[in-house]
Amino acid sequence: MSFRLSYRADPGNPWFSWQYVRDNSDTILTALREHTSLTVRAVLIAVLIAVPLAVAAYWFRALAGPILAVTGVLYTIPSLALFAFLAPYLGIGVVTVLTVVVLYALLVIVRNALAGLTQVPPEVREAAEGMGYGRWGRLFRIDLPLALPGILTGLRLATVSTVALVTVGVVVGRGGLGQLIFAGFQNNFYKAQIMTGTLLCVLLALVFDLALAGAGRLLTPWLRRRSAA
Amino acid sequence: MTAAAGPIEAAVVWLNDPLNWTNPGGILDRTGEHLAISAAAVLLGCLVAWPIGLWLGHTGRGGGLVVLVANLTLAVPTLALLTILPLTFLGFGRPPVVVALAVFAIPPLLANAYTGVRAVDPEARDAARGMGFSGGQLLRRVELPLAVPYLAAGFRTAAVQVVATAALASFVNGGGLGQIIRAGFGLDIAAGGGQILAGGLLVAGLALLVELVLARVERLVTPRPLRNRGRRAGRRAADAVSGA
């Protein structure tokens with residue numbers, strides 16, 4: 001009873017409230033789940049497009065300029081404008097958000113993957129050729145593993161910025177945690193809701209970043225050995 | 001089907017209506033707002049970031065801090081800052097929007113100022129010290145002029161980014177060209193498609209225009225002998241920001 005009274009006595013507008021988090025855990029979890037799934041899907045698609053592009057730019061130097069230029073131009077288009085370009089065609093929904101976010105992630109991953117690939121020492125490349133590796137064998141067994149640190153750097157940057165960018169999806173009603181933030185703003189500027197959405201966003205970015213950093217350590221054991229020696 | 005040509009035609013029609021340009025809240029009004037907000041944000045960003053970046057570069061410390069600031073702002077959604085700041089002491093209206101945008105202008109400005117001073121030839125620095133320059137004189141008369149290409153590159157990156165991000169101010173009714181896109185989304189997608197697309201074209205066009213103009217400015221303020229070197233350096237500094 002007293003609990004109920006104290007709850008009624010001070011409605012207030014605190015910056016953070018466990019009461020709000022408890023009462024709305026369903027909404028919050030749905031938004032968090034949507035945000036996570038959008039981010040994961042977007043980054044996966046972006047990697048599947050960006051790494052082959054980087055390999056193409058690495059194999060055929062003539063393509064490097066155009067590929068970097070096109071992804072660079074895509075990166076310069078304001079996010080809201082990109083939504084505006086795509087929404088009339090792709091409609092209101094997940095596809096539009098995913099496309100925009102993937103287009104943004106491309107540049108970062110392509111540039112870092114290409115940097116990683118070009119840093120493969122020429123001696124190593126020649127040795128691989130001398131051992132009879134063909135173009136594809138060398139790519140999968142030599143070039144890509146050695147470029148992995150570069151690719152992972154790009155992946156981490158792309159993931160963190162994707163988490164932030166997904167929130168702009170509110171413009172088509174699919175912003176994940178952005179939905180929470182924006183609804184909080186519209187519902188009488190409810191600070192606790194805005195803050196919860198923001199904190200979860202930053203936290204999500206941090207978790208993804210740490211997970212990718214950990215995965216990178218596991219995938220590149222030779223780097224650890226070298227730094228330990 | 002005319003589905004593919006539909007929105008583009010509608011956008012052309014919308015852009016061809018003179019009232020859409022001259023009405024209150026029309027394109028001319030919104031462009032003015034957009035530029036005013038962006039200019040204020042970049043100016044505020046410069047006032048904060050350049051002195052700190054130059055000083056950190058001069059003392060040679062704080063490289064980690066620069067990277068930390070860049071990474072932190074990468075993780076914070078623009079939308080969050082735009083909605084949080086009006087609820088603080090800044091109040092509603094333009095100030096919180098300008099501050100939010102300035103926050104995102106700071107990393108490139110800071111990183112380029114820092115890198116610019118660090119990239120000064122150590123021999124030039126030693127020579128200046130040998131001539132009896134004090135620390136402040138060294139910064140003002142040797143390091144600052146030599147860092148100008150970097151400062152210009154950072155200014156361009158920051159300004160283009162702010163002009164692009166300012167479109168999001170429309171989420172909190174902050175004005176600017178994004179307002180046209182938001183209004184279009186407020187209509188049905190079939191009815192507003194043309195306006196949405198037109199707004200997108202205007203925002204992207206403005207960002208591109210700012211990029212082109214500032215690229216020229218950057219070239220003009222870079223001393224002739226440094227021009228080719230400066231451009232390469234600018235790109236390197238931009239890479240430093242994006243971690244590439």
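Quick note on labels: first sequence line is chain A, next is B, and so on, each numbered from 1. Values reported hereafter were calculated over all heavy atoms of this structure, with side chains retained and with hydrogens, waters and symmetry mates removed.
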Between A/T167 and chain B, which part of the residue has a heavy atom less than 4.5 Å away: side chain, backbone, both or neither?
both
Per-residue contact mode, B/I181 against chain A (heavy atom under 4.5 angstrom)
side chain
Kindly indicate whether the side chain of A/Y89, heavy atoms from C-beta on, has any atom under 4.5 Å from the side chain of B/L197.
yes
Heavy-atom contacts under 4.5 Å, residues 34-54 of chain A to chain B:
none
So, the part of A/V163 with a heavy atom under 4.5 Å from chain B: the answer is neither
Side chain, backbone, both or neither: which part of B/Q195 has a non-hydrogen atom closer than 4.5 Å to chain A?
neither
B/A207 portion near chain A, given a 4.5 angstrom heavy-atom threshold
side chain
Looking only at heavy atoms, what is the nearest atom pair of B/L201 and A/F85, with distance?
N-CE2, 3.5 Å
Sort by residue number and list every residue of residues 205-216 of chain A having at least one heavy atom under 4.5 Å from chain B.
A/A205
Name the option with the most non-hydrogen atom pairs under 4.5 Å to chain B; the candidates are A/L204, A/L82, A/V172, A/V171.
A/V171
Give me the ring orientation class for A/F185 and B/F92: parallel if the planes are under 30° apart, tilted from 30 to 60°, perpendicular past 60°.
tilted
What part of B/V163 gets within 4.5 angstrom of chain A, counting heavy atoms only: side chain, backbone, both, or neither?
neither
Is any residue of residues 196-203 of chain A within less than 4.5 Å of chain B by heavy atoms, and which ones?
A/T198, A/C201, A/V202
Could you measure the distance from the NZ atom of A/K191 to the OG1 atom of B/T83? Nearest 0.5 Å is fine.
12.5 Å
Correct closest heavy-atom pair for B/G178 and A/L80 would be CA-CD2, 3.9 Å
Expected contact set for residues 59-68 of chain A against chain B at heavy-atom separation under 4.5 Å reads none
Do you know which two heavy atoms are closest between A/A84 and B/G200, and how far apart they sit?
CB-CA, 3.7 Å
Do you know which two heavy atoms are closest between B/V203 and A/P78, and how far apart they sit?
CG1-CG, 3.4 Å
When heavy-atom pairs shorter than 4.5 Å are enumerated against chain A, which of B/T78, B/L168, B/L82, B/L72 gives the highest number?
B/L168
Using a cut-off of under 4.5 Å for heavy-atom pairs, which of A/V168, A/I77, A/T76, A/V166 has the most such pairs with chain B?
A/V168
Please flag which part of A/V73 lies under 4.5 Å from any non-hydrogen atom of chain B: side chain, backbone, both or neither.
neither
Quick one: CZ on A/F83 to CZ on B/R182, what's the gap to the nearest 0.5 Å?
12.0 Å
Which bit of B/T165 is near chain A, if near means a heavy-atom gap under 4.5 Å: side chain, backbone, both or neither?
neither
Got B/T88 and A/W15 here, is their nearest side-chain heavy-atom distance under 4.5 Å?
yes
Please flag which part of B/V160 lies under 4.5 Å from any non-hydrogen atom of chain A: side chain, backbone, both or neither.
side chain
